[in-house]
Structures are given as structure tokens and as C-alpha cells.
Amino acid sequence: MTTATPAGTAKTSALLSPSPTSVPRPDAPAAPPVRRVPLAVSGLLAAALTAYVWSAHGAKPGVLLLLGLGLGVALFHSRFGFTSAWRQLVAVGNGTGLRAHALLLGTTATLFALLIGTGTGLFGSVPAPSAGPLGLGLLIGSFVFAVGMQLGGACASGTLFAVGSGQTSIVLTLGGFIAGATLAAWQFDLWKDLPALDPVVMADHIGWFGSWAVTILVLAAIALVSRRVQARRNPPPIDAVPSARSAAARILRGSWPLAVGALALAVLGAGVLAVSGGAWGITSAFSLWGAELVRALGGHPESWSWWQQPGNKEMLAGPVLTDKTSLTDIGIMIGAAVAAALGGTWTLHRGVPLRTATAAVLGGVLMGIGARLAGGCNIGAYLAGIASGSLHGWIWGAFALLGTWAGLKLRPLFGLGNPKPGDGVC
């Protein structure tokens with residue numbers, strides 16, 4: 001006798017099942033052998049730098065570096081990105097990456113609400129929300145940043161883990177990123193007075209539970225809409241990356257499911273908040289590194305208005321290896337190198353075509369400028385803002401989607417392809 005499946009069970013099963021794609025996702029190729037020399041070099045570098053930071057500057061910077069190392073491992077093993085996820089969504093309607101973002105945002109928002117709402121911090125830190133002004137700089141900056149993402153081939157976090165894994169073209173993106181962030185800091189007086197409204201943090205109006213509940217409901221709605229869009233457009237699946245075969249081996253050698261990466265990143269990002277009192281960010285370090293380079297060449301960045309602002313002045317005056325963002329950024333690159341070597345995929349790519357190199361540098365410059373105008377990147381503004389219940393995070397994401405559409409229009413000018421409905425993978 002056949003038993004009918006209850007309607008509620010069928011709906012739940014359909015909701016949890018993978019969204020349809022035009023063809024099945026290809027099987028992941030086997031992971032290549034461990035790259036022993038890159039693993040030894042990156043592992044020794046991680047251990048030596050951690051020991052130095054811990055002994056020279058104390059436990060708090062040492063823990064931040066360790067958190068950065070963990071972020072690099074998680075980013076690489078899950079290939080957790082923002083650039084490709086938005087490109088796949090806008091180009092062909094595959095919302096798999098966007099739904100992974102929703103899981104990351106929702107989990108981070110939950111942990112942020114617990115930490116900030118209860119004032120729970122480590123090393124004497126008091127966790128604070130990440131909030132930004134609502135103005136023209138936010139709109140222009142997030143749009144420009146997203147255009148740069150699509151030209152440069154990576155977002156802020158993606159740039160760091162790609163550089164760590166040896167992707168030569170992304171080294172050019174990082175160089176452009178630092179140059180753009182430094183240029184924007186140097187010309188701070190040109191854009192600091194753009195019209196803006198004060199930050200809006202939902203917890204100030206409806207409390208941390210209310211802020212968390214609204215955030216989760218909106219993220220759930222976005223996930224549901226993206227599934228409907230994907231079901232209607234029936235896009236190509238996301239390509240599979242090399243992976244270890246056994247579940248135990250995949251922990252160390254990858255690849256991790258996007259959901260696992262999202263959860264790991266949320267926990268590690270909450271760790272950064274608890275240890276430092278501020279949310280995980282990326283791009284303020286690029287302005288600092290650029291300023292240090294200018295100073296090494298005989299310039300005086302301390303005279304720039306940007307570095308005379310409260311907080312920025314102290315950042316420039318202190319050692320780079322005590323700066324929270326520099327520590328986590330460096331950790332991400334080294335952690336990604338360790339993960340890539342374990343996964344057997346670490347390599348230096350040679351012979352970058354001129355048009356690709358041009359797009360990489362230009363994209364990096366645009367991201368550096370955009371991040372400064374918008375008050376952050378896909379991590380410091382989008383992730384940290386939404387997780388903090390700040391309206392600027394949502395606005396950043398909306399205008400970044402518009403910038404993604406514009407960036408896709410520009411990519412073919414540099415010989416860069418976009419996903420198409422008839423592709424086997426996207």
C-alpha cells in the first residue's frame with residue numbers, strides 16, 4: 001500500500017533540496033598530492049610569525065593572527081567567494097552562492113547579537129556594532145567596488161585567499177587594491193564632505209532581539225526568492241573543485257561544502273569581534289600598508305587628513321603587527337597557502353595575458369577607492385553591517401548588485417567571460 005506524503009513534509013523536503021540546474025553538477029576531481037615544499041614554507045611562516053607576534057606584542061594580537069589563519073583555511077577550502085556568487089546570480093540566476101551568503105550573514109548576526117547584546121568580550125574588549133553613514137559615498141563606493149570585483153576577479157577576502165594560494169593575476173589585483181585605498185586616503189579632503197545621514201542601527205530602536213529577528217526574516221525571504229528565481233531560470237551548476245575522497249581527509253584537504261564554510265567563517269568572524277571589540281574587516285589595512293610604503297619612500301602620510309582622523313592616527317602611529325585588520329589579513333594569506341598546499345593545488349600561475357593583467361590592476365584600484373568611499377568592503381560593510389543590524393550593510397549589498405551588473409558588461413572588453421545559460425557549469 002502506498003502512503004501519501006503529508007503536504008507539509010513535501011514542502012519542507014522541497015525547501016531543503018538543492019535548487020534545480022540545467023544539468024547535474026559534475027563530480028569533483030580527486031585532489032592532487034600534497035605540495036610538500038609550499039606546505040613546509042607556509043607552515044613554518046605561520047608558526048614563526050605567530051610566535052613573534054605573541055612574544056613581541058602579547059596574546060591579543062597573537063590570537064587575532066590565529067583567527068586570520070583560520071579564516072584563510074576556511075575561505076580556501078570552501079572556496080567561499082562573493083565575486084563569483086554575484087556573477088552567477090546576475091548572469092544566469094544561480095543563487096547557490098547568495099544562499100550561502102544568507103547563511104553566513106544569519107549565523108554571524110546571531111553571534112553578534114549574543115556578543116554585543118550581552119557585552120561579552122575578551123582581553124577587556126567591549127564588542128560594538130559596525131555602523132556606517134547613509135550617504136552618497138556609500139552608494140557610489142559600493143557600486144564602484146562591485147565593478148572592480150568583476151574586473152579584478154575577486155572581492156576583498158577573495159583577493160587575500162587567492163594570493164595565498166599562488167594566483168599570480170590576483171597579486172596584481174592586490175597591488176591595485178592597495179594603490180586605490182592609498183589614493184583615496186590621500187585625497188580624503190575631496191570626498192569627506194559628501195552628503196550623508198547618520199548611521200541607523202536597528203538595535204537602537206527595537207533592541208537586539210528585534211534587530212536579530214528582522215535580519216533573519218529578511219535573509220530567509222532572500223533565500224526563498226533566490227530559489228524561485230533559480231527554479232525558473234534553470235541555470236548551469238557551479239563547477240566542482242578538486243576534493244579529497246573521504247570525509248576525514250576533506251577536513252584537512254578540502255573541499256568543504258559552502259554551508260560548512262559559512263558556519264566556520266561566522267564563528268571565526270565572531271571571534272575577531274570578541275577579541276578586538278570590532279567586526280572583521282579587510283581594507284583599512286590596505287590604506288595602512290600603502291601609507292607605510294609612501295613613508296618608506298620618503299613621503300609624509302601622517303600629514304594627510306585621513307591619517308589625522310581619530311582611530312586612523314593611532315593606527316598609523318602603531319606597529320603594523322598590532323593592527324587588527326593587518327593581522328587577520330596576513331593570517332588569511334598564510335592560512336590559504338597552508339590550505340592550498342594541503343589540497344595539492346598551490347601553484348604560481350605564469351604568463352598572465354596583458355588584458356587580464358590590466359583588468360586585475362584596474363579592478364583592484366576601483367575596489368580600493370570604492371571601499372574607502374563606502375566605509376568598507378564586502379566584509380567590513382556588507383557582512384559586518386548586516387550582521388550588526390546596520391542599514392548601511394543592506395544598502396551596500398543592493399548597490400553592489402547593481403555594480404555587479406555593470407561589471408559584467410565591462411568584462412568582455414578585457415577578454416573576460418561571463419556565465420551563459422547554455423554552459424555546462426558557471
Steps toward side-chain contact (heavy atoms from CB on, under 4.5 Å) verdict (F123, V63) = CA-CA 10 Å; F123 300 102; V63 172; 3.9 Å; yes

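- No side-chain donor from either of S388 and S390 sits under 3.5 Å from a side-chain acceptor of the other.
- For the atom pair OG1 of T404 and CZ of R411, the computed distance is 10.5 Å after rounding to the nearest 0.5 Å.
- A donor-acceptor pair is defined here as one N or O able to donate and one able to accept, closer than 3.5 Å; no such pair exists between the side chain of T283 and the backbone of F286.
- If you check the side chains of Q230 and R99, you find a donor sitting under 3.5 Å from an acceptor.
- Scanning both residues, G290 and T182, for their nearest heavy atoms gives CA-OG1, 3.1 Å.
- With no hydrogens or angles considered, no side-chain donor-acceptor pair links T328 and W280 at under 3.5 Å.
- Checked against the 6.0 Å centroid criterion, the rings of F399 and W405 do not qualify as a close aromatic pair.
- Contact record, S125 with P127: O-CD, 3.7 Å, taken as the closest heavy-atom pair.
- For the atom pair CG (L174) and CE (M333), the distance works out to 6.0 Å, reported to the nearest 0.5 Å.
- A pairwise comparison of heavy atoms in R87 and P419 identifies CG-CD, 3.7 Å as the closest pair.
- Once rounded to the nearest 0.5 Å, the distance linking CG of L65 with CD1 of I334 reads 6.5 Å.
- The minimum heavy-atom distance between P32 and G343, with the atom names listed, is CD-O, 3.4 Å.
- The structure places CG of L89 at 9.5 Å from OG1 of T96, a figure rounded to the nearest 0.5 Å.
- In this structure, the separation between OG1 on T107 and CG on L263 is 5.0 Å, given to the nearest 0.5 Å.
- Aromatic ring orientation, F188 versus W191: perpendicular (interplanar angle above 60°, classes split at 30° and 60°).
- Taking the centre and axis of the six-membered ring of F76, the NZ or CZ atom of R79 falls inside the cone set by 45° and 6.0 Å.
- In this structure, a donor-acceptor pair under 3.5 Å is absent between the side chains of W306 and S287.
- Atom CD of E302 and atom CZ of R295 lie 6.0 Å apart (nearest 0.5 Å).
- Aromatic ring centres of F80 and W256 lie farther apart than the 6.0 Å criterion allows.
- Relative orientation of the H101 and Y382 rings is perpendicular, given thresholds of 30° and 60° on the angle between their planes.
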Ring pair (Phe, Tyr, Trp, His ring centres under 6.0 Å) between W212 and F112, intermediate numbers included = CA-CA 9 Å; W212 170 83; F112 274 30; over 10 Å; no

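- Side chains of S243 and R253: no donor on one and acceptor on the other come within 3.5 Å.
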request  = Evaluate side-chain contact (heavy atoms from CB on, under 4.5 Å) for V425 paired with I238, printing each intermediate quantity in order.
outcome  = CA-CA 5 Å; V425 293; I238 296 175; over 6 Å; no

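- Between the side chains of T325 and D323, no donor N or O sits under 3.5 Å from an acceptor N or O.
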